[in-house]
Amino acid sequence: MQNYAESIRNFVERHATGLTVAFVAGAGVLALRRWLAGGVCRSKVRLDGKTVLITGANAGIGKETALDMAQRGARVILACRDMTRARIAADDIRQQSGNGNVVVKKLDLASLQSVRDLAKDVLENEERLDILINNAGIMMCPKWKTEDGFEMQFGVNHLGHFLLTNCLLDLLKKSTPSRIVIVSSLAHEKGRIHFDDINLDKNYKREVSYRQSKLANVLFCRELASRLQDTGVTVYSLHPGVIRTELGRHLLPTLALWKRIIAMPFFMLIKSPWEGAQTSIYCAVDESQANVSGLYYSDCASKTPAPQALDDAAAKKLWDLSASMPRLSRKDFSAAIG
Ligand SMILES: NC(=O)c1ccc[n+]([C@@H]2O[C@H](COP(=O)([O-])OP(=O)(O)OC[C@H]3O[C@@H](n4cnc5c(N)ncnc54)[C@H](OP(=O)(O)O)[C@@H]3O)[C@@H](O)[C@H]2O)c1
Ligand SMILES: *[C@@H]1O[C@H](CO)[C@@H](O)[C@H](O)[C@H]1NC(C)=O
């Protein structure tokens, strides 16, 4: 015993510097990890009797957000394009939450017909809609087009949700107080809206397109909030953090092997999907935000977005452009705000 303690003391003395460095590094990594984890939504609000619709809820932060809503007792509609993956996610959410009232509906945001079909289904079959979460997204894919010929990232991340939201507005208005949550990204900060080439036909760059679509999310939130003033429907946009999800699926395979290797420790440190869902959940339920609308959030707090995301003239211009895109028609929009 004596010898054992002695040899430990010797070891510590001989490796004092190394041990200090290891300790400080370990503490640093833990502190960094905590810092990256961001805020947590502490609201205990229940959602019994309420209905929540989440797009892209079969994976990533959408699935975690859906699980949280189910745990609060809501009827949860997972609006997803891949019905097999959606059914597996729904089973999982029902099992984990003990809430059987979780349903899947088909929605491909890259098809205006699919958006209209889903909206029709919801308007005909749902009695209410208390929370709409526009979560689905695609990042940095090749130069693809949606079914209607729109550039894919703008088409899915913005236009599909623009149409969906407008189609569901009357039901949201009937269910007040109700909320619309729009998942944007920090990527909006470097974004700009290419009003003269919205589909980036002239010069497609996948990151330019992603940033444009995420800036469009924040501008849409602002314009929608101003159109919905005093209706009891409030609107929020947010950056969820940098999160371990499948979002990098189009980007990662195109990176050099060494970049993928360097990214691995980074990938382990960034937010888990549960952590990444917290700001969406906060915007969807937190009582403190009940009478606030049109703001941008990060880590469960409102935050000032980039200057170009505060440009009300651009927000209005984007709304008008979106509403006049080919194959979108005035008929799609509720008379009140179309
Ligand atoms: N992860 C991050 O670090 C990060 C950072 C900032 C912002 N965000 C935003 O967070 C949101 C959620 O992303 P995530 O990280 O959870 O990514 P994810 O794991 O890739 O999940 C994206 C979801 O969107 C769905 N989706 C994609 N295209 C669709 C379409 N055409 N129609 C319907 N659904 C479609 C996907 O369905 P499938 O499974 O069928 O493909 C999936 O359910 C996105 O809006 C993203 O821009 C994420
Ligand atoms: C929001 O407004 C309603 C109605 O005016 C009020 O009852 C409620 O206390 C307000 N909530 C907050 C958090 O300010």
Side-chain angles (χ1 to χ4, degrees), residues 36 38 43 45 53-66 78-90 104-115 118 133-141 144-148 150 152-161 163-164 176-177 181-189 191 209-218 230 232 234 237-252 263 266-267 269-280 285-293 296-299:
L36 287 171
S43 169
V45 156
L53 187 148
I54 310 181
T55 68
N58 60 282
I61 63 175
K63 186 181 169 195
E64 284 295 335
T65 309
L78 315 182
C80 305
R81 64 173 167 177
D82 181 331
M83 293 306 269
T84 308
R85 296 190 77 194
R87 287 198 187 97
I88 294 170
V104 302
K105 290 189 192 285
K106 168 90 180 165
L107 168 67
D108 181 352
L109 287 155
S111 156
L112 296 179
Q113 189 56 52
S114 174
V115 173
L118 171 90
I133 304 182
N134 292 342
N135 162 85
I138 179 168
M139 181 179 78
M140 298 197 206
C141 56
W144 290 343
K145 291 274 159 100
T146 68
E147 191 180 282
D148 306 276
F150 308 127
M152 183 63 76
Q153 300 185 70
F154 185 73
V156 169
N157 299 355
H158 171 66
L159 272 183
H161 282 125
L163 177 60
L164 177 68
T176 55
V181 177
I182 302 169
V183 182
S184 174
S185 167
L186 186 66
H188 86 270
E189 290 193 357
S209 157
Y210 184 66
R211 289 168 191 155
Q212 167 173 269
S213 75
K214 291 287 132 177
L215 174 59
N217 290 156
V218 187
D230 303 321
T234 49
S237 70
L238 65 106
H239 167 56
V242 181
I243 313 140
R244 231 177 295 137
T245 65
E246 296 169 41
L247 194 65
R249 65 182 104 176
H250 303 298
L251 175 67
L252 286 175
F266 172 72
F267 214 67
L269 278 177
I270 60 178
K271 282 187 183 184
S272 67
W274 184 86
E275 289 163 342
Q278 295 303 307
T279 305
S280 297
V285 306
D286 205 273
E287 302 90 326
S288 67
Q289 304 307 307
N291 300 330
V292 181
S293 191
Y296 173 76
Y297 295 75
S298 177
D299 284 334

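Order of listing sets the numbers, starting from 1, for every ligand and every atom in it.
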Which protein N or O atoms sit under 3.5 Å from any N or O of ligand 2? Give atom names and distances.
{"residue": "ligand 2", "atom": "2 (O)", "partner": "Asn291", "partner atom": "OD1", "Å": "3.0"}
{"residue": "ligand 2", "atom": "2 (O)", "partner": "Asn291", "partner atom": "ND2", "Å": "2.4"}
{"residue": "ligand 2", "atom": "11 (N)", "partner": "Asn291", "partner atom": "ND2", "Å": "3.0"}
{"residue": "ligand 2", "atom": "14 (O)", "partner": "Asn291", "partner atom": "ND2", "Å": "3.2"}

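- Among Arg211, Lys214, His239, the one residue that satisfies the side chain to side chain contact (heavy atoms under 4.5 Å, CB included) test with Leu186 is His239.
- Protein residues having a heavy atom under 4.0 Å from any atom of ligand 1 are Gly56, Asn58, Ala59, Gly60, Ile61, Arg81, Asp82, Arg85, Leu107, Asp108, Leu109, Ala110, Asn135, Ala136, Gly137, Val156, Val183, Ser184, Ser185, Tyr210, Lys214, His239, Pro240, Gly241, Val242, Ile243, Thr245, Glu246, Leu247, Arg249, listed by chain and number.
- Salt-bridge formation is not detected for the pair Asp82/Lys106: no Lys NZ or Arg NE/NH1/NH2 atom is positioned less than 4.0 Å from an Asp or Glu carboxylate oxygen.
- Ring centroid separation for the pair Tyr296 and His188 comes in under the 6.0 Å cut-off.
- Between the side chains of Ser114 and Asp108, no donor-acceptor pair of N or O atoms lies under 3.5 Å.
- At distances below 3.5 Å, not a single donor-acceptor pair connects side-chain atoms of Asn217 with backbone N or O atoms of Ile182.
- A pairwise comparison of heavy atoms in Ala86 and Val104 identifies O-CG1, 3.5 Å as the closest pair.
- Counting only distance, with no hydrogens or angles, the side chain of Gln278 and the backbone of Asp299 share no donor-acceptor pair below 3.5 Å.
- Contact check on Glu246 versus Arg85 returns a salt bridge, with a Lys/Arg side-chain nitrogen under 4.0 Å from an Asp/Glu carboxylate oxygen.
- Partner of Ile54 under the side chain to side chain contact (heavy atoms under 4.5 Å, CB included) criterion, out of Asn135, Ile61, Val183: Asn135 alone.
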